[in-house]
Visitor: 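Quick one: the structure is below, questions incoming.
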Amino acid sequence: MKAAVANKFGDILKIEDVAKPSIEPHQILVKIHACGVCHTDLHACHGDWPVKPTLPLIPGHEGVGEIVEVGSAVTHLNLGDRVGIPWLYSACGHCEYCLAGKESLCMSQENAGYSVAGGYAEYCAAHADYVVKVPEGLNYVDAAPLFCAGVTTYKALKVSEAKPGQWVAIFGVGGLGHLAVQYAVAMGLRVAAVDTGAAKRDLALSLGAECFFDFKTDNVVEDIRETTGGVHGSVCTAVSKAGFRQSYDVVRRGGKCVLVGLPPEDMPLPIFDTVLNGVSVVGSIVGTRKDLEECLEFAARGKVKAIIKEKKLDDINDIFADMEKGEITGRIVMSL
Ligand code: NAD
Ligand code: ZN
Ligand code: ZN
């Protein structure tokens, strides 16, 4: 089968002919029809993070498609079912986190396109208990970005605990951020968005953000505080240390700063202000299968729609280059 493979950190991916995966009794085989390109895939191929993926690697954790083989121990899925394979490829199912419905914190989890082969391929094996069905009325291309960008930002907004009518600041209007704006609006929140350039401004405002600030030309922190009085929650998807600090500085007393983006840097925090202002700073990692079902439902009901440019697997190196420059509007989805 055809796959995009990372053989060395920092090198371009190679389109290769590799063996089609064989499945275990608890697995299914999915014929991938579409796979979104997440900035995490770029981090993976660059070896940016402390825990590195094993090479050679087939990246991809927004792969969706149809089931073409069902393992002998699988009883709840059928041939032809439409499913997606998210970042949370599998978890142990019996640790304290799994039992508490916090499976994305499981210490024994596998991650698609990182610790195991992902969706940048014609076929992908998956754990039957951790794939999530694509609802009817949602096509493969539109569904793909929701399996990471969608569920991650939907969950981060829940974690922010911002209530309808309150303000949230969304830092980064990229693949994740443009969905964060839409989920926030659908949840009744008021949105201040931050990114740079006319394309991101137009995108954010067209999706329902009430105001947009350009991190290259505006005084982001002052402007947001003046417009909103300080936000109740902020969600930082920016791949930038400076963006993280600003996302902290715009939160009002008692508010929550939710960290989502994963630049390989530290974030120094002022102890005094954090204590006196009662501000929470909290990380949010993807979402559970339940979060994913909910987030897909918003899209199936037409409340959220990823802005997508469709490309092919062979385009992956150009897609990565554009992503590094911040030149993608919305999400790129490779159709296979
Ligand atoms: P992307 O490249 O599509 O978008 C990033 C956006 O941030 C771009 O539009 C860029 O212009 C903008 N940006 C850069 N500097 C900024 C700043 N200072 N202020 C505001 N915006 C700024 O990337 P993506 O696919 O949306 O992923 C974003 C990050 O989130 C990556 O680090 C990725 O690894 C991480 N991620 C985390 C999770 C999680 O579960 N926590 C899940 C998926 C992705
Ligand atoms: Zn992702
Ligand atoms: Zn577990």
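Start at 1 and go down the list; that is how both ligands and their atoms are numbered. Here the structure is a predicted model, which means the values were calculated and not measured. For reference, positions follow the sequence shown, starting with 1.
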Visitor: Give the single entry among Thr152, Leu259, Val260 that approaches atom 42 (C) of ligand 1 most closely by any heavy atom.
Guide: Thr152
Visitor: Please examine the side chains of Ile307 and Leu203, heavy atoms only from C-beta on, and report whether any two atoms are closer than 4.5 Å.
Guide: yes
Visitor: How far is atom 3 (O) of ligand 1 from its nearest protein heavy atom, and which residue and atom name does that atom have?
Guide: Gly175 N, 2.8 Å
Visitor: With rounding to 10 degrees, what does the angle Cys106:SG / the Zn ion (ligand 3) / Cys98:SG come to?
Guide: 110°
Visitor: What's the separation between atom CD1 in Ile319 and atom NZ in Lys311, rounded to the nearest 0.5 Å?
Guide: 6.0 Å
Visitor: Asp81 pairs by side chain to side chain contact (heavy atoms under 4.5 Å, CB included) with which of Val134, Val70, Ile67?
Guide: Ile67
Visitor: Do the side chains of Arg225 and Asp249 get close enough for a salt bridge, i.e. N-O under 4.0 angstrom?
Guide: no
Visitor: Between Arg289 and Glu103, is the closest basic N to carboxylate O distance under 4.0 Å?
Guide: yes
Visitor: Within a distance under 4.0 Å of any heavy atom of Val239, pick out the atoms of ligand 1 and give their elements.
Guide: 28 (C), 29 (C), 31 (C), 32 (O)
Visitor: Against heavy atoms of Val286, which atoms of ligand 1 measure under 4.0 Å?
Guide: 39 (C), 40 (O)
Visitor: If the cut-off is 4.0 Å to any non-hydrogen atom of Thr237, which atoms of ligand 1 fall inside it?
Guide: 28 (C), 29 (C)
Visitor: Rounded to the nearest 0.5 Å, what's the gap from CG on Leu57 to OG on Ser115? Could you check?
Guide: 9.0 Å
Visitor: Considering only NZ, NE, NH1 and NH2 on the basic side and carboxylate oxygens on the acidic side, decide whether Arg201 and Asp214 come within less than 4.0 Å.
Guide: no
Visitor: At the 4.0 Å heavy-atom cut-off, does Phe213 count as touching ligand 1?
Guide: no
Visitor: Would a line drawn from the ring center of Trp49 to the ring center of His43 be shorter than 6.0 Å?
Guide: yes
Visitor: Of the backbone and side-chain N, O or S atoms of Cys95, does one lie nearer to the Zn ion (ligand 3) than 2.8 Å?
Guide: yes
Visitor: Can you name the atoms of ligand 1, numbered from 1 with element, that are less than 4.0 Å from a heavy atom of Arg331?
Guide: 24 (P), 25 (O)
Visitor: Which residue owns the protein heavy atom closest to atom 17 (C) of ligand 1, what's the atom, and how far is it?
Guide: Phe215 CD2, 3.4 Å
Visitor: Would one find an N or O of Leu262, backbone or side chain, under 3.5 Å from an N or O of ligand 1?
Guide: yes
Visitor: So, is Leu176 polar-close to ligand 1, with some N/O to N/O distance under 3.5 Å?
Guide: yes
Visitor: Will you find, in the side chains of Thr54 and Tyr114, an N or O donor that is under 3.5 Å from an N or O acceptor?
Guide: no
Visitor: Write out the residue and atom name of the closest protein heavy atom to atom 4 (O) of ligand 1, then the distance separating them to 0.1 Å.
Guide: Gly174 CA, 3.4 Å
Visitor: Does any N, O or S atom in Cys38 come within less than 2.8 Å of the Zn ion (ligand 2)?
Guide: yes
Visitor: Nearest to atom 24 (P) of ligand 1 by heavy atom, His61, Met323, His39: which?
Guide: His39
Visitor: What atoms in ligand 1 come closer than 4.0 Å to a heavy atom of Gly243?
Guide: 18 (N)
Visitor: Going by an N to O cut-off under 4.0 Å, is there a salt bridge joining Arg82 and Glu136?
Guide: no
Visitor: For atom 6 (C) of ligand 1, which candidate among Val151, Leu42, Asp195 holds the nearest heavy atom?
Guide: Asp195
Visitor: Tell me which protein heavy atom sits closest to atom 18 (N) of ligand 1, plus the residue, atom name and distance to 0.1 Å.
Guide: Ser240 OG, 3.1 Å
Visitor: List the closest protein heavy-atom neighbour of atom 34 (O) of ligand 1: residue, atom name, distance to the nearest 0.1 Å.
Guide: Thr40 OG1, 2.7 Å
Visitor: Counting heavy atoms only, which of Pro263, Cys148, Ser104 is nearest atom 43 (C) of ligand 1?
Guide: Cys148
Visitor: Report yes if some N/O of Thr196 lies less than 3.5 Å from some N/O of ligand 1; otherwise report no.
Guide: no
Visitor: Between Ile316 and Met334, what is the shortest heavy-atom contact and its length?
Guide: CD1-SD, 4.0 Å
Visitor: Is the gap between the ring centers of Tyr154 and Phe298 under 6.0 Å?
Guide: yes
Visitor: Taking the basic N atoms (NZ, or NE/NH1/NH2) and the acidic carboxylate oxygens, is any pair closer than 4.0 Å for Glu294 and Lys158?
Guide: yes
Visitor: Heavy-atom contact under 4.0 Å between Ser284 and ligand 1?
Guide: yes
Visitor: Does a side-chain heavy-atom distance below 4.5 Å link Phe9 with Asp48?
Guide: no
Visitor: Report the nearest protein non-hydrogen atom to atom 30 (O) of ligand 1: residue, atom name, distance rounded to 0.1 Å.
Guide: Gly261 CA, 3.3 Å
